Amino acid sequence: MSLPVTNAHGLGPRRARIHAFSPEAVLMNDTAFRSVSGALSRDSKEENFDNAGEVRFNITPSVLETSGEAAQVCITHVPNPDPGTDFVAVYAPADVNLQATAPIKIKFVGEEKSPPLLPSSYASTGEACLSFRLLNLRDSYTFALMRGNVSAPLLLGQSSPLGFQEANEVTQIHLALTGIDGEMAVSWVSRDTKKPLVQWWPAAPEEKSQDEGSGDAQAGAMDGGDGSVAWASKETASRCETQRRLKGAQNGAKAGVRPPMTQHSSLALTTTYSRGDLCSPPATSIGYHDPGALHTGVMTGLKGGVSYVYRVGDAGYFSRREAEEGNAETFTFAVFGDMGTAEEDGSLDIGGEEVASLNTTRLLMGALSPSVHPPLSLVLHIGDLSYAKGYDYQWDEFLSQNQAIMKVVPWMVSSGNHERDASDVSRVHPSPSLFTGEDSGGECGVPTQLRFPMPGPWRELEKDEPWYDFSTGPVHWVVLCIEKDFSPGSAQFSFMIDALSNKVNRTLTPWVVVAAHRPLYIDSDWDDGEDASSDQAVARLMQQSLEDVMRTCQVHRNKCLAASSDAVYKAPVHVVVGMAGQGLSQNVLPDQPSIFEKVDDKHFGLTLMTVNRTHLTITFLSDAEGGGVLDTFSLRGKDTASWERKGREGGTESPVPG
């Protein structure tokens with residue numbers, strides 16, 4: 001049984017997002033990136049930045065210890081304070097040109113809810129304190145108090161630098177499969193490096209039984225520390241597959257157990273990207289931030305039924321997680337698209353934020369819980385990952401937001417329009433995307449491919465072929481990129497045919513999942529004859545090239561024919577799962593095609609795929625408090641082919657197509 005999975009790309013034109021800045025609403029969209037910054041580079045009058053007065057800053061702590069730590073920024077002696085238009089903008093590095101760089105984030109004084117100095121007294125005293133959660137961006141921060149329209153603010157004062165105790169801290173650790181049995185790739189970020197490597201060894205009994213604390217993952221410095229995680233591999237159908245369970249969060253202890261003499265080591269490959277590797281603004285201008293050194297090492301020789309501890313960096317202290325052995329027969333995968341990221345401290349990101357993504361992250365953490373049987377063992381994020389769109393800091397934020405999951409289970413990705421689409425080309429990607437426009441904010445796929453080294457052609461950056469396939473458990477996955485040519489005769493089409501024809505062994509992987517960012521079938525009413533990237537235009541293009549390979553049923557004149565008498569499906573079942581945080585567009589067709597069994601465009605969440613050799617169940621979970629299961633359906637394999645369905649009461653239901 002094949003199961004194409006896509007995300008709900010589009011569902012209408014890209015709409016501007018409006019944030020309720022008090023006392024006025026400021027429009028922010030994909031092109032209006034100057035609304036908060038430069039704002040600060042292009043629209044601001046130079047004299048606005050020459051008028052910094054006697055505003056005083058008091059920042060605690062004076063030095064930050066670990067990434068994600070909170071700093072309290074107190075301001076006093078503010079002239080004519082206005083809580084509705086005064087805001088604090090956060091910049092990095094501290095010596096940055098405020099007129100040429102977008103702030104990392106901003107917070108209006110009147111919206112702060114943290115003690116001790118609340119904004120209620122700010123108008124009369126000119127004193128307030130704001131709290132900011134700060135990631136280790138491998139350099140120092142500075143804070144600027146500004147006033148007025150965010151597209152042309154007046155600078156009232158700027159703080160002294162605030163730095164980290166260890167600017168070279170290891171951060172953003174995340175796992176990925178390599179497509180080779182017995183291997184696992186681990187990636188991380190630091191400021192620089194001496195001799196980057198990953199070390200791993202079988203977990204000793206005392207390491208397995210360690211009672212670990214809670215909290216976000218922490219990691220040490222490249223020149224004297226690292227982070228470590230434990231995970232277990234399981235044997236399934238004679239293949240070395242991975243199965244991990246989160247026991248607890250990293251304990252963060254600086255005094256740990258030294259790795260045993262039987263440890264294995266592998267040198268990591270290090271890369272990065274600069275402005276010149278990207279395509280256009282804002283990625284090449286006000287949105288650029290040094291991404292640091294991007295490292296990837298590969299653990300090899302991993303054996304089934306063995307728990308391993310790994311650590312990354314150069315040397316020094318480390319912390320541990322426990323990985324319990326899971327069920328080798330049944331696996332749980334999370335599948336979704338369109339996630340994004342958001343600030344946990346209530347700040348506003350440049351270009352908007354996807355607040356619902358925080359709930360999706362919490363759902364994923366819950367799926368790692370020992371109470372889930374089987375616990376989560378892989379994430380497939382089908383495009384539109386961070387929505388950085390040229391503001392590189394948001395990649396740091398996205399990876400930090402999800403690191404507690406990414407360190408424990410492989411986080412596999414595909415490239416969507418907000419990663420790849422650009423009107424220009426770069427020295428790294430000299431060939432254009434299939435659909436032009438500025439959806440990637442000028443990134444043109446470079447940060448995505450370098451930060452997330454996926455298997456196969458994806459890793460060959462110069463070829464610009466962001467597609468791949470791999471197997472895990474009873475599933476063979478084929479991941480496509482609809483932002484590149486997929487027509488018959490293209491490199492991607494040939495790859496897909498080869499993957500489906502020659503790389504699928506139904507004895508080992510009875511299920512096949514084909515994933516892409518854009519849907520082959522969609523119920524959106526966005527059909528712009530002049531815009532080749534509109535939902536229905538893309539769907540038609542995909543149908544012309546791919547429908548013969550991936551049909552949802554036996555189709556005649558746009559209608560599904562009846563199934564055979566034994567209820568065996570003759571073609572794949574299609575699922576659209578783009579609801580992980582970015583936005584919900586209710587522009588569905590008033591008369592939905594009969595091929596759609598269930599439509600839900602009102603809830604954020606994610607889908608969990610629970611699968612063994614004979615059954616595959618997909619469950620749609622709402623990320624709202626108390627939301628629970630919104631829909632679920634099950635498929636049975638070829639030997640006992642039938643369809644089981646349970647829909648939430650009140651949901652849209654129709655007869656199951658043949």
Side-chain angles (χ1 to χ4, degrees), residues 4-20 25 29 334-342 352-364 366-367 379-385 387 416-418 515 517-527 534-536 538-539 552 573-609 617-634 645-657:
V5 180
T6 58
N7 81 350
H9 163 73
L11 286 180
R14 300 275 71 82
R15 296 181 174 84
R17 293 188 284 274
I18 296 180
H19 301 284
N29 59 26
V335 185
F336 54 83
D338 292 9
M339 185 176 183
T341 185
E353 58 280 324
E354 294 74 37
V355 177
S357 69
L358 296 173
N359 290 333
T360 301
T361 298
R362 295 186 187 103
L363 272 182
L364 290 168
V379 171
L380 177 62
H381 191 163
I382 317 174
D384 284 5
L385 311 180
Y387 286 88
N417 58 306
H418 284 295
H517 180 60
R518 303 197 191 224
L520 185 66
Y521 303 102
I522 194 168
D523 58 352
S524 166
D525 64 6
W526 185 27
D527 193 358
S534 64
D535 291 340
Q536 291 294 354
V538 174
T552 188
V573 174
H574 288 250
V575 186
V576 182
V577 292
M579 65 310 214
Q582 194 276 335
L584 299 170
S585 300
Q586 283 85 49
N587 58 328
V588 298
L589 294 168
D591 298 317
Q592 296 171 6
S594 60
I595 60 173
F596 293 108
E597 167 68 11
K598 169 79 175 183
V599 175
D600 187 325
D601 60 353
K602 295 178 175 60
H603 298 93
F604 291 105
L606 56 80
T607 55
L608 291 181
M609 178 188 298
T617 298
I618 287 184
T619 302
F620 174 26
L621 298 177
S622 168
D623 69 4
E625 184 176 356
V629 175
L630 296 180
D631 187 50
T632 183
F633 68 87
S634 297
R645 177 175 181 81
K646 297 178 181 179
R648 181 178 180 179
E649 184 177 357
T652 303
E653 302 263 357
S654 61
V656 178

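In this text, all values refer to a predicted model and were calculated from it rather than measured experimentally. These values consider heavy atoms only, across backbone and side chains, with no hydrogens, waters or symmetry-generated copies.
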Given V379, L608, I382, L380, the one that forms side-chain contact (heavy atoms from CB on, under 4.5 Å) with F336: V379
Heavy atoms only: give me the nearest H603-M579 pair and the separation to one decimal. O-CB, 3.7 Å
Between the side chain of D600 and the main-chain N/O of K602, is any donor-acceptor distance below 3.5 Å? yes
Results of side-chain hydrogen bond (donor to acceptor under 3.5 Å, both in side chains) for D623 - residues two or more places apart only: none
Any residue meeting side chain to side chain contact (heavy atoms under 4.5 Å, CB included) with T619, in chain and number order, not counting sequence neighbours: T617, L621, V629, T632
Side chain of D384, backbone of H418: donor and acceptor closer than 3.5 Å? yes
Hits for side-chain hydrogen bond (donor to acceptor under 3.5 Å, both in side chains) against T360, two or more places apart or cross-chain, chain-then-number order -> none
Taking all non-hydrogen atoms of both residues into account, name the closest pair between L364 and A334 and its distance. CD2-CB, 3.6 Å
Rounded to the nearest 0.5 Å, what's the gap from CG on N359 to OG on S622? Could you check? 8.5 Å
Can you see which heavy atom on S357 is nearest to which on M339, and at what distance? CB-O, 3.4 Å
Report the distance from atom NE2 of H574 to atom CZ of F596, rounding to the nearest 0.5 Å. 9.5 Å
Mind running side chain to side chain contact (heavy atoms under 4.5 Å, CB included) on L606 and F620 for me, showing each step along the way? CA-CA 6 Å; L606 56 80; F620 174 26; over 6 Å; no
For a 4.5 angstrom cut-off between non-hydrogen side-chain atoms, does L584 reach D601? no
Quick one: does Q582's side chain have a donor or acceptor within less than 3.5 Å of a partner on D338's backbone? no
If you measure from CZ on F633 to OG1 on T607, what distance do you get to the nearest 0.5 Å? 8.5 Å
